[in-house]
**Q** 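Below are the structure tokens for one structure; questions will follow.
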Amino acid sequence: LMDRLKLVLQYFQSNSESISNGICIILSLISVKLYTSFDFNCPCLPQYNKMYALGVMFVPPIILFLLGVLVNRHTGVLMEEWVRPLGKRTKNPAVVKFLLSSMLQRSFLAPMVWILMTLLDGKCFICAFSMNVDPKYFTGIPNSTGLELIKIMAKVPCKEDVIFKNSSFRKAVSRYVRCYSQAIGWSILLFFIFLGAVGRVLKPCFNHATFLQTRYWSNYLDIEQKLFDETCVLHARDFARKCVMQFFESMQEDVTVRMPLSSAFRPSTIHNEYEEEEEERLHGITRQDQVDHLLQTWYECKPEPGAMMPGWRIFHLHRM
């Protein structure tokens, strides 16, 4: 069991797409847990039933959808690619559409789980639409209570109400409305399964090479930004270390001037291999204005993929 769990964790940590899939599954499980632990209490009032039930059915899915958009890495990559200046790199609309489609598909999973659960359970549907049922098709209506018919129908979701004591009317109406709710829920589920099956069957009929190219370049954008961020973190660490070391060296020289020591104890500047390696990692960018210019250039004028790799064309021609 632990080995299988480790394999699942390794899959979800392998790339951004797997991480996004894992987050969507977690949000779906959270939606199931929230609904099963949620205590649904219909107000049983004509003016509030439908508003409350539809709010429970659709407000949590909107929140789950926004959370899915927020935690999806494709959202950031999509917006960066959409709003960035053109620079030296042309924008590929197919890649933007692919990123948008991937983001929406994953973000809609948890909301659809919630909506399907509410429909299959039927409580929200009974609360919202019990007043729309024609009571003449059912027997045992409690007409001796002095209440208006609309108020009686609004109390159908409340099984504890005393007006339905020793009456099968409430159960009959609830079963009737629940059947409609479950029919809609199973129909939606069947539609999505059918849509996925048709998409899987028809996928080879389209240009698969175009799909592979679009998927490749969408992954390229994601990995490129991630590597750039990691490189910036490493450069910032080396840059900060260099600035701190220079500060301590200047302070040490100041102390030496004020309190002269013997020549045997005077510090000397030693450029060892570590410092040379650090200089290489800084790539000659050792001032704040240089760093700002580099970041501004990266944002405004990203290089075309392969434009700075002269060996790529030779490799490509050799392979052909």
Side-chain angles (χ1 to χ4, degrees), residues 8-31 61-113 192 195-196 199-200 203 206-237 239 281 283 285 291-309 312 316:
V8 172
L9 291 175
Q10 287 176 353
Y11 167 75
F12 285 132
Q13 294 175 353
S14 58
N15 52 60
S16 296
E17 188 172 348
S18 301
I19 293 173
S20 298
N21 291 336
I23 292 174
C24 291
I25 293 174
I26 291 173
L27 285 176
S28 301
L29 294 176
I30 289 174
S31 67
I62 293 174
I63 296 174
L64 290 170
F65 173 76
L66 295 177
L67 283 175
V69 172
L70 184 64
V71 301
N72 197 322
R73 181 169 173 81
H74 282 167
T75 305
V77 179
L78 168 66
M79 295 307 299
E80 289 177 5
E81 180 65 16
W82 178 257
V83 302
R84 71 170 176 83
L86 191 61
K88 295 181 180 180
R89 180 186 299 182
T90 57
K91 295 184 181 182
N92 189 346
V95 173
V96 175
K97 292 178 182 177
F98 180 83
L99 291 171
L100 179 63
S101 174
S102 300
M103 183 265 292
L104 290 178
Q105 288 176 19
R106 292 180 173 88
S107 300
F108 271 120
L109 179 60
M112 287 308 304
V113 169
F192 281 112
L195 194 65
R200 178 70 68 177
K203 186 178 179 180
F206 298 95
N207 190 348
H208 194 60
T210 303
F211 170 76
L212 291 177
Q213 292 169 358
T214 305
R215 185 175 182 179
Y216 175 89
W217 289 115
S218 65
N219 289 331
Y220 173 87
L221 293 176
D222 184 19
I223 295 171
E224 179 191 54
Q225 188 60 43
K226 188 183 298 183
L227 291 175
F228 181 79
D229 293 340
E230 293 175 357
T231 305
C232 286
V233 171
L234 293 176
H235 186 278
R237 183 181 292 112
F239 191 20
R281 289 199 302 267
H283 304 288
I285 303 172
V291 175
D292 293 340
H293 178 69
L294 179 143
L295 298 175
Q296 187 74 18
T297 304
W298 175 261
Y299 172 73
E300 295 180 350
C301 197
K302 288 186 179 180
E304 193 74 23
M308 303 184 70
M309 295 187 294
W312 173 261
H316 179 66

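Basis for what follows: all heavy atoms, side chains included, without hydrogens, waters or symmetry-related copies.
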**Q** Could you tell me whether the side chain of R89 and the main chain of P303 form a donor-acceptor pair under 3.5 Å?
**A**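 Side chain of R89 to backbone of P303: a pair is present.
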**Q** Using a 6.0 Å cut-off, check whether atom CH2 of W298 has over 12 heavy atoms from anything other than its own residue.
**A**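 Yes, enclosed.
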**Q** I need the minimum non-hydrogen distance between S107 and G68, along with the two atoms involved.
**A** OG-C, 3.4 Å
**Q** Using the side chain to side chain contact (heavy atoms under 4.5 Å, CB included) rule, take Q225 and D229 through it: C-alpha gap first, then chi angles, then the decisive distance, then the call.
**A** CA-CA 6 Å; Q225 188 60 43; D229 293 340; 3.1 Å; yes
**Q** Which residues pass the side chain to side chain contact (heavy atoms under 4.5 Å, CB included) test with T210, not counting sequence neighbours?
**A**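 For T210 the side chain to side chain contact (heavy atoms under 4.5 Å, CB included) partners, ignoring immediate neighbours, are N207, T214.
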**Q** So how far is it from E80 CD to T75 OG1, rounded to the nearest 0.5 Å?
**A**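 Rounded to the nearest 0.5 Å, the CD-OG1 separation comes out at 11.0 Å.
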**Q** Start with the C-alpha gap between H235 and L294, add the side-chain angles, then the distance that decides, and say whether side chain to side chain contact (heavy atoms under 4.5 Å, CB included) holds.
**A** CA-CA 12 Å; H235 186 278; L294 179 143; over 6 Å; no
**Q** What's the spacing between E224 CD and N219 CG if we round to 0.5 Å?
**A** 12.5 Å
**Q** Please report the interatomic distance CG(L67) to OG(S31), rounded to the nearest 0.5 Å.
**A** 11.0 Å
**Q** Is the closest side-chain heavy-atom distance between S102 and L78 below 4.5 Å?
**A**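 When only atoms from C-beta onward are counted, L78 and S102 do not touch, as no gap falls below 4.5 Å.
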**Q** About how many Å separate CG of L104 and CG of N72, when rounded to the nearest 0.5 Å?
**A**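 So the gap between those two atoms works out to 9.0 Å.
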**Q** Step by step, work out the side chain to side chain contact (heavy atoms under 4.5 Å, CB included) result for E230 and L234.
**A** CA-CA 6 Å; E230 293 175 357; L234 293 176; 5.6 Å; no
**Q** Should the heavy atoms of other residues, nucleotides or ligands under 6.0 Å from NZ of K91 be counted, would the total exceed 12?
**A**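 It does: K91 NZ has more than 12 such atoms within range.
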**Q** Could you check whether the rings of W217 and Y220 sit parallel, tilted or perpendicular, using 30° and 60° as the cut-offs?
**A**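 Correct class here is perpendicular.
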**Q** About how many Å separate CD of E81 and OG of S218, when rounded to the nearest 0.5 Å?
**A** 10.5 Å
**Q** Which atom names give the shortest non-hydrogen contact between P111 and P61, and what distance separates them?
**A** CG-O, 3.3 Å
**Q** Rounded to the nearest 0.5 Å, how far does NE2 of H74 lie from CG of L221?
**A** 9.5 Å
